Chemist: 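After the structure tokens below, expect a handful of questions from me.
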Number of protein chains: 4
Amino acid sequence: MPETLARPTGLRADAARNRARLLKVARRHHAQTGQLPLNSIAAEAGVGIGTAYRHFPSQESLVEALAMDALDRLLDAVKHAIAANDPERAFRAMVTTAYEHLCDDTALTALLAGGTFTCADAAAVAGELFADVDILLRRARESGALRAEIDVDDLRRLLCGFSAAATAGPVPLGKDRERYVEVLLGGLRP
Amino acid sequence: MPETLARPTGLRADAARNRARLLKVARRHHAQTGQLPLNSIAAEAGVGIGTAYRHFPSQESLVEALAMDALDRLLDAVKHAIAANDPERAFRAMVTTAYEHLCDDTALTALLAGGTFTCADAAAVAGELFADVDILLRRARESGALRAEIDVDDLRRLLCGFSAAATAGPVPLGKDRERYVEVLLGGLRP
Amino acid sequence: MPETLARPTGLRADAARNRARLLKVARRHHAQTGQLPLNSIAAEAGVGIGTAYRHFPSQESLVEALAMDALDRLLDAVKHAIAANDPERAFRAMVTTAYEHLCDDTALTALLAGGTFTCADAAAVAGELFADVDILLRRARESGALRAEIDVDDLRRLLCGFSAAATAGPVPLGKDRERYVEVLLGGLRP
Amino acid sequence: MPETLARPTGLRADAARNRARLLKVARRHHAQTGQLPLNSIAAEAGVGIGTAYRHFPSQESLVEALAMDALDRLLDAVKHAIAANDPERAFRAMVTTAYEHLCDDTALTALLAGGTFTCADAAAVAGELFADVDILLRRARESGALRAEIDVDDLRRLLCGFSAAATAGPVPLGKDRERYVEVLLGGLRP
DNA sequence: AATGAATGAGCGTTCATTCAT
DNA sequence: TATGAATGAACGCTCATTCAT
């Protein structure tokens with residue numbers, strides 16, 4: 001009996017279909033309302049409530065499952081940035097990518113804003129992500145591209161705050177949301 | 001029948017007392033949970049639920065009433081800043097003050113993040129506030145202390161995002177939250 | 001705002017009617033199934049679920065309200081027994097009465113079997129009841145009508161056990177359930 | 001298709017292992033909570049829920065399987081008692097043994113309190129048990145050691161009631177639970 | 001104006017049971 | 001035979017809101 005996983009493997013065909021349906025409906029709910037009412041999500045997905053709970057025994061597990069894709073892509077991007085030469089460019093690329101993902105995925109923002117992980121694989125990816133970002137931050141700091149007093153956790157908070165800034169309000173920010181990441185990058189320079 | 005006001009005048013003594021009690025309890029709830037359950041708030045305040053609804057017919061009116069004090073103080077601070085000479089110092093003072101207020105008052109943050117106002121007086125104060133901030137921004141821009149593309153609404157978003165960054169997560173930021181306003185101020189420079 | 005009470009006073013007419021309906025339905029449920037599902041009870045009583053929770057915020061409060069009548073009558077009977085002269089007769093009368101009440105009221109049995117009370121007035125009546133029974137037990141013990149090692153709590157357990165014995169099973173015991181109280185009284189003699 | 005049995009024979013090795021695991025977990029659940037939630041029991045036992053249902057198609061069959069061991073031991077003890085000479089000693093030994101088993105095994109108590117059996121072999125053992133106890137009761141009655149009006153079914157009820165008395169409440173009775181069997185034995189004398 | 005009783009929509013969660021693999 | 005996915009009834013509980021007193 002495996003622990004709850006945000007990214008399960010070896011699902012039966014019908015189980016995978018149900019899971020995908022649930023995630024699809026859940027994603028819409030979270031983006032529109034910030035809530036994840038399992039009852040309605042199950043109903044809308046055309047799936048029994050018990051099935052929904054089998055797949056996602058807790059709201060956190062659902063949030064982490066929703067965020068998992070973006071988390072994976074983020075980790076990929078960070079790995080790429082680490083492999084690059086220019087520390088400042090790598091740092092800027094990482095911040096920009098993270099900002100974009102956070103703006104596009106409310107579940108990712110909620111997960112990172114919380115800062116705690118219950119599913120083993122989400123925690124693992126997040127741990128690796130933070131470790132890699134730490135490397136990028138060190139290099140950026142040494143190359144004089146980053147304020148000394150900002151660490152990984154500060155960046156996590158600031159990025160979540162910025163995506164909230166871009167997303168919040170009656171009208172979400174439009175195309176020009178890149179402006180904000182410029183403000184952030186400017187502010188992070190010593 | 002007067003419109004709902006966030007800062008009513010001419011209340012009977014007992015009505016004023018009830019209102020104050022409700023606000024006190026509501027403030028604690030909002031700060032601790034981000035929620036404003038009128039039933040429990042009325043019960044804890046020792047006030048009938050009907051009375052609570054008479055004072056605050058909607059959650060928004062309660063949020064605006066909660067934020068009204070901070071909104072007033074903010075407006076005061078901005079008026080002071082306008083009266084000063086140095087545009088850059090005035091701008092910095094305004095941003096810093098706003099940041100502090102937002103970090104300290106979850107209702108103010110919720111209200112400004114939403115960006116809409118239902119009570120006439122709250123809307124009035126906010127309108128004046130935004131107008132005055134706009135003046136400060138113009139001056140700062142002209143004096144070369146502020147990026148050209150940032151307007152009042154951007155600043156509103158960014159400030160809300162920054163206070164969210166400082167507040168969010170399992171552990172709210174401690175004493176050193178001023179660090180973040182430095183990042184913001186740095187980022188806002190051209 | 002008074003604490004939850006098992007025997008409230010000064011209810012509005014409609015509130016009293018709802019309360020009575022709820023208790024009536026609840027009593028039937030408890031007698032037949034030993035359960036107290038508030039949802040179904042409210043529905044059967046023709047009362048909103050919220051109303052049910054207003055009257056009985058917890059299952060315990062409902063059990064105690066159900067048992068309150070019997071508890072009162074029991075206390076009355078014990079007071080009478082205390083006023084009598086013959087310690088043995090008083091003791092026997094008390095045990096018999098308690099047994100009868102327990103056999104007739106499953107909620108009373110459940111409450112006394114648990115031995116804990118959450119409503120202030122139920123706790124008060126129970127406390128007085130136990131104190132008075134203790135007096136009866138002392139007298140009975142002194143007059144040689146009761147084993148030395150049996151105290152109030154033992155009697156509570158034994159009476160609950162006996163009423164369970166008379167009640168349990170596919171067919172509850174019929175008219176001749178008095179036989180069992182004779183066994184109990186016989187067993188309690190030194 | 002054989003009837004469900006509380007004590008099946010000729011199980012495959014893995015089936016027997018699964019059955020044992022289920023019983024072990026179920027016993028703990030029943031002792032601690034009085035409930036037998038098949039889903040959780042199967043999960044905790046590391047066995048598929050379908051397998052659990054194959055072994056125990058109903059809650060009763062599970063209860064009977066749990067009680068089977070104790071039922072066997074009880075029957076053994078009664079056979080021994082029948083073989084003895086002194087009818088009163090035999091009777092007392094039987095009552096005491098039964099009481100001890102009931103106090104120690106919540107499933108046995110639940111089964112005997114219900115008084116109905118669905119598995120053929122449980123019914124058979126219980127039938128033999130009751131018949132043998134009946135013999136002991138007759139002898140005891142004849143030798144003047146037992147009230148005339150108490151029959152096997154009364155004893156079943158009373159024993160269940162007494163073990164409930166010893167077990168119930170916030171604090172189960174401690175070491176001195178033998179006291180209660182003395183009360184019972186005393187009460188059963190003419 | 002104040003009170004608080006009533007309502008019911010809605011969400012969280014458990015668990016017995018069936019059935020496809 | 002074993003597995004575990006799926007289902008849905010049932011229940012617990014909260015809270016926004018209305019309305020009679």
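Everything numeric in this text was worked out from a predicted model, so none of it was measured. Lettering follows sequence order; numbering is per chain, from 1.
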Chemist: Starting at CZ of B/Phe56 and ending at P of F/dC15, how long is that distance when rounded to a whole Å?
Modeler: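 One finds 18 Å between P of F/dC15 and CZ of B/Phe56, rounded.
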Chemist: Between the base of E/dG12 and the side chain of A/Asn39, is one N or O donor paired with an acceptor at under 3.5 angstrom?
Modeler: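 It does, because a donor-acceptor pair links the side chain of A/Asn39 to the base of E/dG12 below 3.5 Å.
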Chemist: Taking atom P of E/dC15 as reference, at what distance in whole Å does atom OH of D/Tyr53 sit?
Modeler: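 The distance from OH of D/Tyr53 to P of E/dC15 comes to 12 Å, rounded to the nearest Å.
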Chemist: If I take atom CD1 in residue B/Ile41 and atom P in nucleotide E/dG4, what distance separates them, rounded to the nearest angstrom?
Modeler: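 Atom-to-atom, B/Ile41 to E/dG4, this comes out as 17 Å.
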Chemist: May I ask you to decide whether C/Glu44 forms a salt bridge with C/Arg21, counting only side-chain N to carboxylate O separations under 4.0 Å?
Modeler: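 Between C/Arg21 and C/Glu44 there is no salt bridge, as every charged N stays at least 4.0 Å from the carboxylate O atoms.
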Chemist: Within this structure, what is the CG-to-C1' distance between C/Leu62 and F/dC11, rounded to whole angstrom?
Modeler: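 After rounding, the reported distance stands at 14 Å.
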Chemist: Less than 4.0 angstrom from a charged side-chain N to a carboxylate O is my criterion; do A/Arg7 and A/Asp69 meet it?
Modeler: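 Between A/Asp69 and A/Arg7 there is no salt bridge, as every charged N stays at least 4.0 Å from the carboxylate O atoms.
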Chemist: At less than 3.5 Å, do the side-chain atoms of C/Arg54 and the base atoms of E/dA5 form a donor-acceptor pair?
Modeler: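 Flag set: donor-acceptor pair detected.
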Chemist: Could you check if a side-chain atom of D/Arg27 sits within less than 4.5 angstrom of a side-chain atom of D/Asp105, using non-hydrogen atoms only?
Modeler: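 In contact.
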Chemist: Walk me through it: do B/Cys119 and B/Leu5 pass the test side-chain contact (heavy atoms from CB on, under 4.5 Å)?
Modeler: CA-CA 5 Å; B/Cys119 299; B/Leu5 292 179; 5.6 Å; no
Chemist: On DNA chain E, does the nearest nucleotide to D/Ser40 precede the nearest nucleotide to C/Ile49 from the 5' side, or the other way round? Give the residue.
Modeler: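 Of the two residues, C/Ile49 wins.
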Chemist: Is the shortest heavy-atom distance from the side chain of B/Leu111 to the side chain of B/Leu71 under 4.5 Å?
Modeler: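 They are in side-chain contact.
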Chemist: Quick one: does C/Gln59's side chain get under 4.5 Å of C/Leu62's, heavy atoms only?
Modeler: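 No, every pair of side-chain atoms sits at 4.5 Å or beyond.
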Chemist: Indicate yes or no: at least one non-hydrogen side-chain atom of A/Arg19 is less than 4.5 angstrom from one of A/Phe56.
Modeler: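 Touching, per the 4.5 Å side-chain cut-off.
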Chemist: Is D/His55 touching bases, backbone alone, or none of the nucleic acid, heavy atoms closer than 4.0 Å?
Modeler: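 It contacts nothing in the nucleic acid.
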Chemist: If you take any heavy atom closer than 4.0 Å to DNA chain F, which residues from residues 14-38 of chain B end up in contact?
Modeler: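 Output list: B/Leu36, B/Pro37, B/Leu38.
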Chemist: Which whole-number value in Å describes the distance from A/Arg12 CZ to E/dC19 P?
Modeler: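 About 14 Å, once rounded to whole Å.
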Chemist: Which residue, B/Gly50 or C/Val47, contacts DNA chain E at a nucleotide closer to its 5' end, judged by nearest heavy atom?
Modeler: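 Its nucleotide being nearer the 5' end, the pick is B/Gly50.
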Chemist: Hunt down the Watson-Crick or G-U wobble partner of E/dT21, both distances under 3.5 Å, from any strand shown, or write none.
Modeler: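 E/dT21 is paired, partner F/dA2.
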Chemist: Report yes if at least one side-chain N or O of D/Thr51 is closer than 4.0 Å to OP1 or OP2 of F/dT3; otherwise report no.
Modeler: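 For F/dT3, OP1/OP2 do have a side-chain N/O of D/Thr51 under 4.0 Å.
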Chemist: Does E/dA1 have a Watson-Crick or wobble mate here (both distances under 3.5 Å), and if so which one?
Modeler: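 In the structure as shown, E/dA1 has no Watson-Crick or wobble partner.
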Chemist: Report the base-pairing partner of F/dG12 (Watson-Crick or G-U wobble, both distances below 3.5 angstrom), or none.
Modeler: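 Paired with E/dC11.
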